[in-house]
Amino acid sequence: FLDGSHRQEGGTARYWHLRGDLHYRASEFAQALDMYIKVGHDFPGYVDHRYHLADVCSHLGLAELGAAELQRLVDES
């Protein structure tokens with residue numbers, strides 16, 4: 001699915017967010033975290049992924065990273 005949409009949306013925040021969501025739903029939390037952090041760094045002001053970002057960090061035992069990333073999102077928006 002995402003390979004097909006990559007041609008149209010490949011470089012957008014929404015694309016990387018949805019790609020992270022697929023990993024999230026497959027319980028591939030480390031891969032999802034990579035995608036959510038990419039979204040946050042590459043697209044300042046985009047915050048639609050914040051809930052899953054916090055949840056993934058919780059699953060991985062990375063509460064401090066989650067809090068820092070959420071604070072960075074707030075600071076940049």
Side-chain angles (χ1 to χ4, degrees):
F1 168 74
L2 284 176
D3 291 338
S5 67
H6 187 270
R7 280 177 254 132
Q8 291 180 325
E9 295 191 47
T12 66
R14 183 175 184 272
Y15 171 81
W16 291 108
H17 175 186
L18 292 175
R19 190 169 176 133
D21 285 354
L22 285 177
H23 288 292
Y24 175 85
R25 290 185 179 109
S27 297
E28 299 169 345
F29 299 121
Q31 294 91 334
L33 179 60
D34 288 343
M35 298 295 150
Y36 295 143
I37 287 180
K38 177 181 179 43
V39 170
H41 284 273
D42 292 355
F43 303 95
Y46 183 84
V47 296
D48 291 351
H49 65 297
R50 66 193 179 277
Y51 297 116
H52 284 163
L53 171 67
D55 195 36
V56 162
C57 287
S58 175
H59 279 289
L60 295 172
L62 301 171
E64 295 83 17
L65 175 63
E69 285 295 313
L70 291 174
Q71 186 61 52
R72 191 182 57 71
L73 290 172
V74 168
D75 293 344
E76 290 180 352
S77 60

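The salt bridge (Lys or Arg N to Asp or Glu O under 4.0 Å) check on D42 picks up K38, with sequence neighbours excluded. In this structure, the side-chain contact (heavy atoms from CB on, under 4.5 Å) partners of Q71, at least two apart in sequence or on a different chain, are V74, D75. Residues satisfying the ring-ring contact (aromatic ring centres under 6.0 Å, His included) criterion with Y46, sequence neighbours excluded, are H17, H49.
Sorted by first and then second residue, the salt bridge (Lys or Arg N to Asp or Glu O under 4.0 Å) pairs involving residues 58-70 (not counting sequence neighbours) are E69-R72.
In the hydrophobic clustering of ILVMFWY residues, with side-chain heavy atoms under 4.5 Å counting as a link, Y15 and M35 come out together. Transitive grouping of hydrophobic side chains (ILVMFWY, heavy atoms separated by less than 4.5 Å) brings I37 and L70 into a common cluster. Linking ILVMFWY side-chain heavy atoms closer than 4.5 Å, directly or via other members, places L65 and L73 in a single hydrophobic cluster.
Separation of atoms CG (L53) and CG (D48) is listed at 12.5 Å; rounding is to 0.5 Å.
Formation of a donor-acceptor pair under 3.5 Å by the Y36 side chain with backbone atoms of W16 is not found in this model.
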Can you list, pair by pair, the side-chain donor-acceptor contacts under 3.5 Å of residues 22-33, counting residues two or more places apart and other chains?
residue : atom : partner : partner atom : Å
H23     : ND1  : E28     : OE1          : 2.6
Y24     : OH   : D55     : OD2          : 2.3

